[in-house]
Protein chains: 2
Amino acid sequence: MLKDLPRYECLLEAAKQFPDLDPSATEVYLHLLRTSDDAFGALTAHLHRAGLSQGRFTVLMLLIDKGTGCARASTPAELADRSGVTRATMTGLIDTLERDGLVSREPDLADRRMMSVKLTAKGEALIHDYLPGHFRRTAALVEPLTENERKTLVKLLAKIMGQAAVLSAQPADAVPAGIT
Amino acid sequence: MLKDLPRYECLLEAAKQFPDLDPSATEVYLHLLRTSDDAFGALTAHLHRAGLSQGRFTVLMLLIDKGTGCARASTPAELADRSGVTRATMTGLIDTLERDGLVSREPDLADRRMMSVKLTAKGEALIHDYLPGHFRRTAALVEPLTENERKTLVKLLAKIMGQAAVLSAQPADAVPAGIT
DNA sequence: CTTTTTTAGTTAGGCTCCTAATCATAAGCA
DNA sequence: TGCTTATGATTAGGAGCCTAACTAAAAAAG
C-alpha cells in the first residue's frame with residue numbers, strides 16, 4: 001500500500017500515458033484503501049497492546065454470547081466462515097488463542113467430527129475489558145461526521161461494495177467496455 | 001475481519017450492553033473496512049494471477065520512472081518508506097522480486113551502504129502489460145459514482161483519515177471524553 | 001449393508017508482514 | 001584524527017494468512 005497518496009496532478013499526468021486510468025476513480029480507490037488502513041491501524045495498535053490481532057479479536061467477538069443481539073458461533077467452521085478466513089487459518093488462530101488460555105476446545109459429543117470452541121473466563125474478561133475503549137476509539141474516528149454524512153458515506157461505500165462483488169463474480173479478463 | 005456486517009438492529013442491541021458503542025460510528029467503521037477489503041480483494045485476485053501481490057505491485061509501481069509524473073524510488077529504504085512497510089520487509093520483497101527476475105539490485109558506488117534497485121526489462125514489461133487492466137478494474141469499481149459523489153466520498157474519507165492520525169498520535173489510553 | 005461422497009478439522013509448506021539484533025559504512029564531534 | 005552516533009541493509013524468528021493434501025466421521029447411494 002502506498003503510504004503517501006499521489007497528488008491529483010500526478011494522476012492526471014499518468015493518465016496521459018495510460019488512457020485507461022480514470023483519475024477520479026483512482027483517487028477514490030487509493031483514498032479508500034489508505035483511510036481504511038489508517039483507521040484500522042489506529043485501532044490495531046491498541047489491539048496489539050492487549051495481545052490481540054484483528055483475527056484473534058474477531059474470533060473473540062464471535063464467541064461472545066451475551067447481550068450482543070446476534071447469534072454466536074461455536075465451531076471452527078462457522079468461526080472461519082463468519083470471520084472471512086479459511087478453516088486452516090482458523091485452526092491456527094484457535095491454536096494460539098487456546099495456548100494463551102483465552103478459548104477452550106472440546107470435542108462435540110453429537111458429531112464426532114466437530115469441535116466446540118468456547119471463551120474461557122480469562123478470554124471473556126479480556127474482551128469485556130477491551131471493548132469499551134475500542135468502541136470509544138471507533139466513535140472518535142467517525143466523530144467529525146454528522147449523522148447525515150455517515151448515512152451518505154455508508155451509501156457510497158455500499159455502491160462500491162456492490163461493484164466489487166460484480167467484479168469478483170466475473171474473474172475472467174473481462175471489464176473491457178464497462179460492466180454495468 | 002467480519003465477513004458479514006452485523007445488522008443495524010444488532011448494533012443497537014449491543015449498544016444497550018456497551019454504552020460506549022456508537023451504532024452509526026461502528027456501522028461506518030465496519031462498512032469502511034469491509035468495502036476496502038472487498039475492493040482490494042477484487043483487484044488482488046488479478047494481481048495473484050499475474051504472480052504479483054500488493055506489496056510486489058507497489059514496489060514495481062514505485063520503480064517505474066517514465067511518464068508517471070512522480071519521482072521514482074530507487075533504494076530499499078526509500079521503497080520501504082513509500083510503501084509503508086519496514087525495511088526488513090522490503091528486503092524480503094526485493095529478494096523474491098529479484099529471484100523472479102523482475103528487479104535487479106546493484107551496490108551504490110557513491111555510498112557503499114546503499115543498494116540501487118531497478119526494474120528489469122521483464123519487470124517493466126510485466127507491469128506495463130498489467131496496468132491497463134488494473135486501471136480499467138479500478139474505474140469499474142467506482143463507476144456508479146458521479147463525479148460529485150466521488151468528491152464527497154474523498155472528502156468524508158479524508159475526515160476519517162485525519163481522525164485516525166490524531167488517534168495514532170496519542171497512543172496512550174486517552175479518548176475518554178472526545179478528542180476534538 | 002457396503003461403497004462413495006461430503007464435511008470438519010488438521011497438517012505441511014509458502015508468502016507477507018512484523019520486531020529485534022547484527023554488520024558495515026557514513027557523518028558528527030571532541 | 002579518533003570515537004561516537006546515525007543510517008542502510010540484512011538476518012533470525014514469529015504471527016497470520018493462503019492453498020493443497022490428508023484423516024476421520026457422517027451422509028448418501030447403490
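To find a chain, count down the sequence lines: A is the first, B the second, and so on, and within it residues start at 1. None of the values given here were measured: they were computed from a predicted structure. Side-chain atoms are counted along with the backbone in the values below, which use heavy atoms only and exclude waters and symmetry mates.
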With the side chain defined as heavy atoms from C-beta on, A/V85 is closest, among D/dT10, D/dG16, D/dC18, to D/dC18

Under 4.0 Å, heavy atoms only, any strand: does A/G51 hit a base, just the sugar-phosphate, or nothing? nothing

Salt-bridge contact B/R137-A/D20 (side-chain N to carboxylate O under 4.0 Å): no

Does the side chain of A/T89 get closer than 4.0 angstrom to OP1 or OP2 of D/dG16 through an N or O atom? no

Given the side-chain rings of A/F57 and A/H48, with only the six-membered ring counted for Trp, is the space between their centroids under 6.0 Å? no

Are A/R99 and D/dA15 close enough that a side-chain N or O sits under 4.0 Å from OP1 or OP2? yes

Rounded to whole angstroms, how far apart are CZ on B/R49 and P on D/dC18? 16 Å

From CG of B/L93 across to P of D/dT11 the rounded distance in Å is 14 Å

Would you grab the first and last nucleotide of DNA chain C (5' to 3') that comes under 4.0 Å of any non-hydrogen atom in chain B? C/dC15 to C/dA26

In this structure, how many angstroms lie between the P atom of D/dA9 and the CD atom of B/E98, rounded? 13 Å

Result for 5'-nearest mapping on DNA chain C, choosing between A/M90 and B/S53, is A/M90

Rounded to the nearest angstrom, tell me the gap between atom CD1 in B/I94 and atom P in D/dG8. 14 Å

Of the non-hydrogen atoms in A/L43 and A/Y130, which two are nearest, and what is the gap between them? O-OH, 3.7 Å

Tell me whether the side-chain N/O atoms of B/R87 come closer than 4.0 Å to OP1 or OP2 in D/dG8. yes

Would you please indicate yes or no on a ring centroid separation below 6.0 angstrom for A/F18 and B/H128? yes

Atom-to-atom span, CG of A/L109 to C1' of D/dA25 - whole angstrom: 15 Å

Students often get this wrong, so: under 4.0 angstrom with heavy atoms, is A/D111 touching a base, only sugar-phosphate, or nothing? sugar-phosphate

From the list D/dT10, D/dT7, D/dG16, which nucleotide is the closest neighbour of the side chain of B/R105? D/dT10

So for the helix from C/dC1-D/dG30 to C/dA30-D/dT1, with five pairs setting each end axis, what is the inter-axis angle to 10°? 0°

B/S24 and A/E147 side chains, donor-acceptor separation under 3.5 Å: yes

Ion pair B/D100/B/R56, N-O distance below 4.0 Å: yes

Using whole Å, what does the distance between atom P of nucleotide D/dG16 and atom CD of B/Q54 come to? 22 Å

Assess, by modelled atom type and distance only, whether the side chains of B/R105 and B/S116 contain a donor and an acceptor separated by less than 3.5 Å. no

Select from A/R56 and B/S116 the residue whose nearest nucleotide in DNA chain D is closer to the 5' end of that strand. B/S116

Can B/D95 and B/R99 be counted as an ion pair, charged N to O under 4.0 angstrom? no

Quick one: B/D95 CG to D/dA12 C1', roughly how many Å, whole number? 13 Å

Run through A/L119, A/V85, A/L97 and flag the one making a side chain to side chain contact (heavy atoms under 4.5 Å, CB included) with A/V59. A/L97

Salt bridge B/D22-A/R136, side-chain N to carboxylate O under 4.0 Å: no

May I have the distance from B/R112 (atom CZ) to D/dA6 (atom P), rounded to whole angstrom? 23 Å

